[in-house]
Amino acid sequence: MLFFCVSDSLLTRLAAMMSHTFKSSKQNFSFGPWKLTAEKTHIMKSKDIERLAEEMHMPSLPEMLFGDNVLRIQHTDSFGIEFNAIDALRCVNNLQDSVKVACAQEWQESRADSEHSKEVVKRYDWTYTTDYRGTLLGDDLKLQVSPTTERIDMEKLKAREQIMFFEDVLLFEDELHDHGVSMISVKIRVMPSSFFVLLRFFLRVDGVLIRMNDTRLYHDAGKNYMLREFSTRESKISALQHVPPAFYTDPNEISQYLPLKLLECEKLEFPGSQSESGMTDAPTEVENEQT
């Protein structure tokens, strides 16, 4: 049974890889004063990856790195937020903390016959764990970030509402030499009354660890701010013996079994927010470009 689950997962990854490798697309969607852009293109060329790795002082970068893929949310006044692979990698700890070292050593012991396992403990985070939450846009005007106790209303998001626009953008993925997966992708869903973004970093080191860093971003039409929630969930595989192994490869299924380690809630207020207070955001149309 596990074989078929793994095979299905592999086919899904290969399909995603083929889609992102051989197709380039750019979609724009207008939501009131906001322009939402989802751009997907090919994997970075090896020479560009080598140059970037040197710049970041990292021995290697993810094997599937989509350096030009981006999800951008930009106001007509130029401020906003975007999600891209390069900035996500800049948030990787290339000096590796003790938790990651411990996991690497445990993983190394469990894979003593593996050639790659002998090279795991290096002075960089070989899991590419990132706490990236997005890149703020704008020069003179930027979103103002502050802590908040206000939470995203997840129940409201469960309500039936027409989806006007949806995109899923893969930023990077690495299979850790066939011993797991490290990947980050970002999805956006636009409804008539709001838009919702989920940026998810998912890590599975086979036999050792599952970790998930989620960034949720929500904007309710007409309000002069967005809500952003960042959470970290993590568990050793040894503590998940009661969970069906098939769930290990599915972030949506496994998340409910991972203990919450960190939760931070922020309000991203618009600069000159009074200019937005009387406006009602409304979705308009999608523009598609494919090559």
Side-chain angles (χ1 to χ4, degrees), residues 25-41 66-88 90-91 130-146 148 150-154 156-157 161-172 184-201 213-231 264-273 275-277 279-289:
S25 67
K26 181 178 181 180
Q27 294 199 63
N28 294 317
F29 186 82
S30 297
F31 187 87
W34 299 94
K35 181 179 181 181
L36 315 179
T37 301
E39 190 163 358
K40 296 185 283 190
T41 184
F66 299 90
D68 292 323
N69 283 11
V70 64
L71 175 66
R72 182 178 300 111
I73 302 170
Q74 193 160 23
H75 193 274
T76 52
D77 288 338
S78 296
F79 64 85
I81 188 169
E82 76 172 32
F83 303 89
N84 67 77
I86 308 302
D87 287 340
R90 293 189 194 281
C91 293
T130 176
D131 59 359
Y132 180 58
R133 308 176 190 196
T135 304
L136 297 183
L137 304 175
D139 295 322
D140 298 329
L141 296 176
K142 281 191 175 184
L143 292 167
Q144 304 301 309
V145 182
S146 61
T148 184
E150 186 175 353
R151 298 293 305 274
I152 296 173
D153 188 346
M154 300 305 293
K156 182 178 179 180
L157 285 171
E161 194 173 7
Q162 182 183 4
I163 297 177
M164 312 292 291
F165 179 70
F166 175 84
E167 267 299 334
D168 184 357
V169 182
L170 178 62
L171 301 182
F172 70 70
I184 185 170
S185 63
V186 58
K187 300 178 182 180
I188 186 168
R189 173 163 56 110
V190 182
M191 292 73 68
S193 65
S194 60
F195 61 74
F196 177 70
V197 175
L198 173 61
L199 173 74
R200 169 166 287 170
F201 170 80
N213 288 343
D214 283 351
T215 297
R216 291 175 170 83
L217 185 73
Y218 176 74
H219 174 52
D220 195 346
K223 292 192 175 180
N224 58 9
Y225 61 88
M226 301 179 191
L227 293 175
R228 182 170 66 180
E229 297 180 4
F230 175 81
S231 64
E264 294 182 355
C265 303
E266 298 171 315
K267 180 177 286 188
L268 279 57
E269 295 185 89
F270 307 158
S273 56
S275 64
E276 284 264 337
S277 59
M279 298 182 64
T280 300
D281 297 341
T284 51
E285 60 183 29
V286 182
E287 299 174 11
N288 297 303
E289 298 176 22

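As the structure is a computational prediction, the values presented were derived from the model and not from experiment.
Judged as a salt bridge (Lys or Arg N to Asp or Glu O under 4.0 Å), and not counting sequence neighbours, the contacts of K267 are E150. Residues passing the salt bridge (Lys or Arg N to Asp or Glu O under 4.0 Å) test with E264, sequence neighbours excluded: R133. For R90, the side-chain contact (heavy atoms from CB on, under 4.5 Å) criterion is met by E55, M56, I86, D87, not counting sequence neighbours. By the side-chain contact (heavy atoms from CB on, under 4.5 Å) test, D153 is found to be paired with E155, K156, residues two or more places apart in sequence or in another chain being considered. Legend: residues meeting salt bridge (Lys or Arg N to Asp or Glu O under 4.0 Å) with R189, ordered by chain and number and at least two apart, are absent. A search for side chain to side chain donor-acceptor pair (under 3.5 Å) contacts involving S231 returns nothing, not counting sequence neighbours. Every residue two or more places apart in sequence or in another chain was checked for a side chain to side chain donor-acceptor pair (under 3.5 Å) with Q144, and none qualifies. Residues passing the side-chain contact (heavy atoms from CB on, under 4.5 Å) test with E167 are Q27, A38, K40, F165, I188, sequence neighbours excluded. Take C91 and apply the side-chain contact (heavy atoms from CB on, under 4.5 Å) test, not counting sequence neighbours, and it matches T130, D131, Y132. Taking the salt bridge (Lys or Arg N to Asp or Glu O under 4.0 Å) definition, one finds that E82 meets it with R72, sequence neighbours left out.
Side-chain contact between I73 and F195: present, with at least one pair of heavy atoms (C-beta onward) separated by less than 4.5 Å.
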Between T41 and N69, is a side-chain contact (heavy atoms from CB on, under 4.5 Å) present by the stated rule, with each step listed? CA-CA 6 Å; T41 184; N69 283 11; 3.7 Å; yes

S194 and D220: CA distance, side-chain angles, deciding distance, side-chain hydrogen bond (donor to acceptor under 3.5 Å, both in side chains) verdict: CA-CA 5 Å; S194 60; D220 195 346; 5.5 Å; no

Working note: Y225 + T148, criterion side-chain contact (heavy atoms from CB on, under 4.5 Å); need CA distance, chi angles, decisive distance, verdict. CA-CA 12 Å; Y225 61 88; T148 184; over 6 Å; no

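A side chain to side chain contact (heavy atoms under 4.5 Å, CB included) with E229 is found for one member of T215, I152, L217, D214 and no other, namely I152.
In this structure, CZ in R216 is found 11.0 Å from CZ in F230, a value given to the nearest 0.5 Å.
With hydrogens and angles ignored, the 3.5 Å screen pairs no side-chain donor or acceptor of Q74 with any backbone N or O of L137.
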